[in-house]
Amino acid sequence: MVTITIGEFTRVEGNGEADIIIENGEVKEVKLKIVEGPRFFELLTLGRYYYDVPDLEARICAICYLSHSVASVLGIERAFNVEVPREVMLLRELGLLGEFLESHALHLYLLVAPDVFGYPDAIKMASKHGELVKEGLSIKAFGNYIREVIGGREIHGINVKPGGFGRYPTIEELEKIEQNSEALLRFAKRAVNVFADLKFYGAKAEHFVATNSYLYGDKLIACDEEVFDYYEHIEEKTLPYSFAKQSKYKGDIFMVGALPRVMLKSEQLTPLAKKLFEDHREKLSQGYVSLNNLAQAIELVYALEKAKEIARELLDKGLSCENVPVEVQEGEGIGYVEAPRGVLIHHYKIDSKGNISYSNIITPTALNHAIMELSLYEEAKKNYGSLDEKTFVQRLEETVRAFDPCISCSVHLVKL
Amino acid sequence: MNPYQTYDAKILEIRELTPREKLFTLRFVDSEANKEFKYKPGQFVIVDIRGFGEFPISLCSTPTREGYIQLCVRRVGRMTKYMHTLKEGDVIGIRGPYGNGFPMEKMEGSELILVSGGLGMAPLRSVLWYAIDSGKYEHIYLLYGTKSYEDILFRDEIIHLLKHGDAIGCTVKLAYEVESPSCIYLERGFSPKVCKGVVTDLFRGMEFDVENTYALICGPPVMYKYVIKELLDRKLSPGRIYMTLERRMRCGIGKCGHCIVGTSTSIKYICKDGPVFTYWEALSTRGLI
Amino acid sequence: MIILRYVKLPSENFEEFFNSLKQWGEINAPVKQGNIYSFKKVDSLKEVSLDYTRTMLPPKKFFVKPRDELLKLKEGKWEESNGTKPVVLFGVHSCDIHGLQILDKVYLDEPVDIYYKKRRENSIIIGISCMPDEYCFCKSLGTDFAMTGFDLFLHELPDGYLVRVGSVKGHEIVWANEGVFEPISEEDLKYFREFEEKRANSFKRSLNKEGLADMLDLAFESPVWKKYEKICLGCGNCNMVCPTCRCYEVCDLWVNAYEGVRVRRYDSCFMESHGLVAGGHNFRPTRLDRFRHRYYCKSYFDPSAGFNCVGCGRCDEFCPAKIEHVKVLDEVREALK
Amino acid sequence: MLKLGVFELTDCGGCALNILFLYEKLFDIIKFYEIKEFHMASSFKEHDHLDVAIITGTVSCQRDLELLKRVRNNSNYVIALGTCATHGDVQGSVEGSIREKLEKVYGSRANPMKALDSKPIVEYVAVDYALPGCPYDKDEVYQVLMDIAKGVEPPKKDYPVCIECKLNEYECVLIKRGIPCLGPITLGGCNAICVKSKVGCIGCRGPLPKEANPASEFEILKELGYDEEYIRKKFKTFARGELRW
Ligand SMILES: Cc1cc2nc3c(=O)[nH]c(=O)nc-3n(C[C@H](O)[C@H](O)[C@H](O)COP(=O)(O)OP(=O)(O)OC[C@H]3O[C@@H](n4cnc5c(N)ncnc54)[C@H](O)[C@@H]3O)c2cc1C
Ligand code: SF4
Ligand code: SF4
Ligand code: SF4
């Protein structure tokens, strides 16, 4: 038995490794290991007052901190039966869209694009494809701007609160968001073309899971049309070789992320994004995980269109800037949010004093851990022996990168 | 005129006085600025390392020798550490001179006792050479307390004065704390002017005409109390005791507020009301020393 | 034509007068921002809260900015940051006018701080009368009425304002807006006196300044300082909001690879480093020393400028630990007896 | 050219990411620095010598510790970047021993991955400069890197968040809204950005060294009606047990 170890993936967020176990000249098993130290967020929030919890949860991951804040806030609000007005929900959506832009742009332009064009990193790629890198950076910067406006800071802002916000955006800020969304749209369209002829690789996802609404939800949906709460059909198990847990949907390997979202929720896409989706529908329905990148590019278009739409609606209606009072009571609630890399679940029980008595957080990279491992296995099996070791390892790394994996959030789970 | 603007000054020479202190000899790049820069012993300048920051440093050269100014800089923190990396020919910014300085005219004809500890030698060196060069003072005593032989600032000058000072009306006395062969050699050569001990030990056996003497003190904060006691014990009037003080300062011209001392009855700015104060002022301004 | 020191501005002309000030400079007036007031650029009278108590930052912020870019580093040389535009400070209270005069003593003293001077020369100060709230103690310090330091001062009347002209510029403004002013009547004067009297009786706090300076000096070892050392957060909020505090810190910052700026910002004597000198000696090593130092500094009486405190009450209103300036001084006095 | 490496131990990735968020200012930095390492890359060889190493994150497993020591031993100037590296941040404040924690979350006391109790890197190695913040303000790291490039020691902040809060004239949420704000006892440098959002500072930059008076802050929050346990937890969120009163 030989083991090939891929030490620390590069150009992914967080620290991950893989062991490829070879027996009798054949790939027998692949172990995807998350070697980043555990951070114990569930324990951290135990006993903490609900109001401070979203700020703590944001620290799970910097790339998608706002998804964590919003998921946390949704879970808490559901526990208290708080209904927030449309204005607040729209602003949260706007924030999540900003996060899509920031995260997808980072992933597509800086991490995946070098694979597409055959460069070791974006800086070296910039010499030939400078325009593209610049376009990506401007989308990313804009996404960050939205995160700053809505979330309070580019990273780990604490503006998103149960019941509303600390500070509401100004007219000028909303106008700027509307204008920039419009202006950046042509860059996003170009991205769709760039990622449209990606090779198929990785596993073929049999099951897709997403939230029932495009950016968040109160239930999960799956490709078998099941509408459910995560604990009904998703089972988590711990692994002896990784700090991350692995999940199965009804006992099967499944996928969350951009591909499942566009496949399951295409009717909710904005006009141009929908058209682009239809153009590539056939391809996308092949279900290879590598297609996730194409879906992400389509989502860039979606996010810009949607952000513009939301900003306009808010500008037309005007902001009332009022928070809903939160009444502390004993309760339980789950927040489902579509983080850029897929479904994110925050589940809390809160006691009568408003302190957290139970918390469970399931992150997209954890949900995707199994299919990531499977993809590595299939890719390894296909290529072992036919490729030299360097190209072999490179191919496997590319496979992992297709997921837009984020290791920090997987602990419970893979870094740049 | 913008008082915060600084003038280009070129480093003509750098001498390593001790491992911690370097002597920078500077000249303004602009010849007008050279002519206009008039200063008194005891005044200081603000050194400006552009893009990094500013800090106050006493002038340790004497106005009697024109064409250059000298600064003795001890390496203690970020700016001074950087200053020590500069080379001859580099250009820095200087503004000043600031502060009141010692009343040299008023003291003419009298005996001067300069009491210095450690880096306090820097401003007093200006007085020392001013007094010697001008020849207008009856006699000059320099009582200098140093940690060790290696720490003696302007060592060549001090040894020169130990040897030949009396001839030009200047008596140097040196106290050292850490024994070393060099010190013992000095002590043997210049006994009783050199001894082991602290600066106050140098007062032993010293008598002076309290009507015709001024004492000028500069040293670390802890030193003042003990030196002043020696002087008062010999009945020197507080009005004849001058000391130069140090406080953190940013502007040097009485704006930034850092060097404010005193209480409700007296507020003083070290930078513009000082840095030279008489002991009377110390008595009426709490916290001055 | 009216060339008088006292004129009347009838209510119906108030807005016209306000708008006419725009030609003298950018109007900045107290605006309500959440639960505080702040001097802000305004375009119309609607935005202004004339019945404000006190702004959080005093008008000092227009002359010594909280963050003030002094010099720009270009090719190894400092260039002056300039660009002073004319401002009209509309609705300044008497205590703050006194505050500015104390700053004048510092910043206009030789060598003159050119930034301060330029801005001062480019500003018009329009004072407005006020009613004290629970924090004000200006009356006891004699800063409740401004005799100088403003261009125009508006005193509330039932049907307008009695306007005192305080400078040549003030006269020019009145001259240029001749049509909006009227001569004052006996009745206006009567109301003015009544208002001032009512105001004088509305103060809830007063500082006993009798021998204050000496009393404090004697109280150097007072146990009261120890008590407050425990309460005081040492956060510097009191310094930042005080109209007479003026300590500033300077730092050089890079704006790109080869260019920098020299910026000064408000500093506070509550910071550990404030009294620190080379060699690590700290002249005010403990919070007690720093706490006491602030009271000493504020209670210093300069014969030509008065106390370093104008009784505006900002330090009380914005102290998270609710330490009260007057109460501390009273307690110190009490402990001495 | 100075050789620069950026290393990540266990954290959220924010501190490394924040460097990328410098955007065009990154080009100023690469005028002086050659970026040898960015993010845990396996290409780090022990003989690689760095002039400046930036380390983010806490030491939370054996791998972190080994990497940290390797980097320290091969770098002239080490910057502990972010509150994880300087104070331990949120993972550092989770109470209990590592085995207990593993059992609670993974259901087994087994520790095959050699997890450690999360501690800031300053507990294991000496650093030349510590810059806290969760994450730090990006201009701060820019100034620090520029200063080092030009040969001068970067200055250290010595004032609480309140100072910057006032410089920006933000309404004090502690006084005016009764919102618990740790501004008075937290090291400044973030430009009081959270107070801009009208929420209280949660102390992400760790305690103000020396000067802070947490005892008084404690009393103030108690007066506002917060219970002791709540305040205690709030105080130690980012800085473990460092705030004592
Ligand atoms: C009137 C006057 C004359 C002086 N003359 C000399 C002299 O002739 N030779 C000499 O070597 N030093 C002199 N000093 C001290 C010198 O100013 C400080 O050593 C220098 O400012 C330290 O700067 P830094 O950046 O290297 O130190 P930092 O890294 O800033 O700090 C190191 C130490 O120096 C203290 N310090 C910082 N800034 C100042 C400041 N502006 N004023 C005083 N202390 C400060 C700090 O509190 C700290 O203890 C004088 C100071 C004053 C006020
Ligand atoms: S000390 Fe307080 S009351 Fe006096 S002027 Fe300053 S802020 Fe106002
Ligand atoms: S809001 Fe917080 S940081 Fe700002 S002044 Fe108040 S206590 Fe200080
Ligand atoms: S205000 Fe407080 S919590 Fe917010 S960034 Fe600053 S130090 Fe961190």
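As the structure is a computational prediction, the values presented were derived from the model and not from experiment. Quick note on labels: first sequence line is chain A, next is B, and so on, each numbered from 1.
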Given that the side chain runs from C-beta out, which part of B/Thr80 has a heavy atom under 4.5 Å from chain C: side chain, backbone, both or neither? neither
Looking at C/Ala213, C/Ser273, C/Gly260, which one has more heavy-atom pairs under 4.5 Å with chain B than the rest? C/Ala213
Taking NZ in B/Lys38 as the centre, count heavy atoms belonging to other residues, nucleotides or ligands within less than 6.0 Å. Is the count above 12? yes
For the atom pair OH (C/Tyr300) and OG1 (B/Thr265), what is the distance rounded to the nearest 0.5 Å? 8.5 Å
Would you say that C/Lys77 contacts B/Asp8 through its side chain, given a criterion of any heavy-atom pair below 4.5 Å between the two side chains? yes
Residue C/Arg264 versus chain B: region with a heavy atom under 4.5 Å: side chain
Mind checking the OG-CG spacing from B/Ser264 to C/Leu218? Nearest 0.5 Å is all I need. 8.5 Å
Contact list for residues 245-268 of chain B, test salt bridge (Lys or Arg N to Asp or Glu O under 4.0 Å), sequence neighbours left out: B/Arg250-C/Glu249
If you tally heavy-atom pairs under 4.5 Å against chain B, which of C/Arg246, C/Glu110, C/Arg284, C/Glu259 wins? C/Arg246
Any side-chain heavy-atom pair from C/Phe283 and B/Leu245 closer than 4.5 angstrom? no
Quick one, B/Tyr4 with C/Asp113, criterion side-chain contact (heavy atoms from CB on, under 4.5 Å). Give me CA distance, side-chain angles, the key distance, then yes/no. CA-CA 8 Å; B/Tyr4 305 111; C/Asp113 182 292; 2.4 Å; yes
Relative to chain B, which of C/Tyr115, C/Phe220, C/Phe301, C/Phe307 shows the most heavy atom pairs under 4.5 Å? C/Phe220
Identify the two heavy atoms, one from C/Tyr296 and one from B/Ile267, that lie closest to each other, and give their separation to 0.1 Å. O-CD1, 4.3 Å
For the residue pair B/His258 and C/His274, does the interplanar ring angle fall in the parallel (under 30°), tilted (30 to 60°) or perpendicular (over 60°) class? parallel
Contact origin within C/Tyr258 toward chain B - heavy atom pairs under 4.5 Å: neither
What residue in C/Cys251, C/Cys269, C/Ser299 has the most heavy-atom pairs under 4.5 Å with chain B? C/Ser299
Under 4.5 Å from a heavy atom of chain B, the part of C/Leu71 involved: side chain
Within the supplied structure, the quantity of interest is the number of heavy atoms (other residues, nucleotides, ligands) at a distance under 6.0 Å from C/Lys118 NZ; does it exceed 12? yes
Checking heavy-atom separations under 4.5 Å from chain C, one finds in residues 44-56 of chain B B/Asp48, B/Ile49, B/Arg50, B/Gly51, B/Phe52, B/Gly53, B/Glu54
Sub-4.5 Å side-chain heavy-atom contact between B/Val222 and C/His281: no
Given heavy-atom pairs under 4.5 angstrom as the criterion, report whether the side chain, backbone, both or neither of C/Leu216 touches chain B. both
Where does C/Arg262 contact chain B at under 4.5 Å (heavy atoms): side chain, backbone, both or neither? side chain
Do you know the tightest heavy-atom contact between B/Arg286 and C/Asp217? NH2-O, 2.7 Å
Check each atom of C/Asp267 against the heavy atoms of chain B and say whether the ones under 4.5 Å are side chain, backbone, both or neither. side chain
Within the supplied structure, the quantity of interest is the number of heavy atoms (other residues, nucleotides, ligands) at a distance under 6.0 Å from B/Tyr226 OH; does it exceed 12? no
Could you look at C/Val112 and say if it's the side chain, the backbone, both or neither that has a heavy atom under 4.5 Å from chain B? backbone
Quick one: which of B/Ser266, B/Gly77, B/Pro220, B/Gly254 has the most heavy-atom pairs under 4.5 Å with chain C, could you say? B/Ser266
Name the region of C/Trp254, side chain, backbone, both or neither, that has any atom closer than 4.5 Å to a heavy atom of chain B. side chain
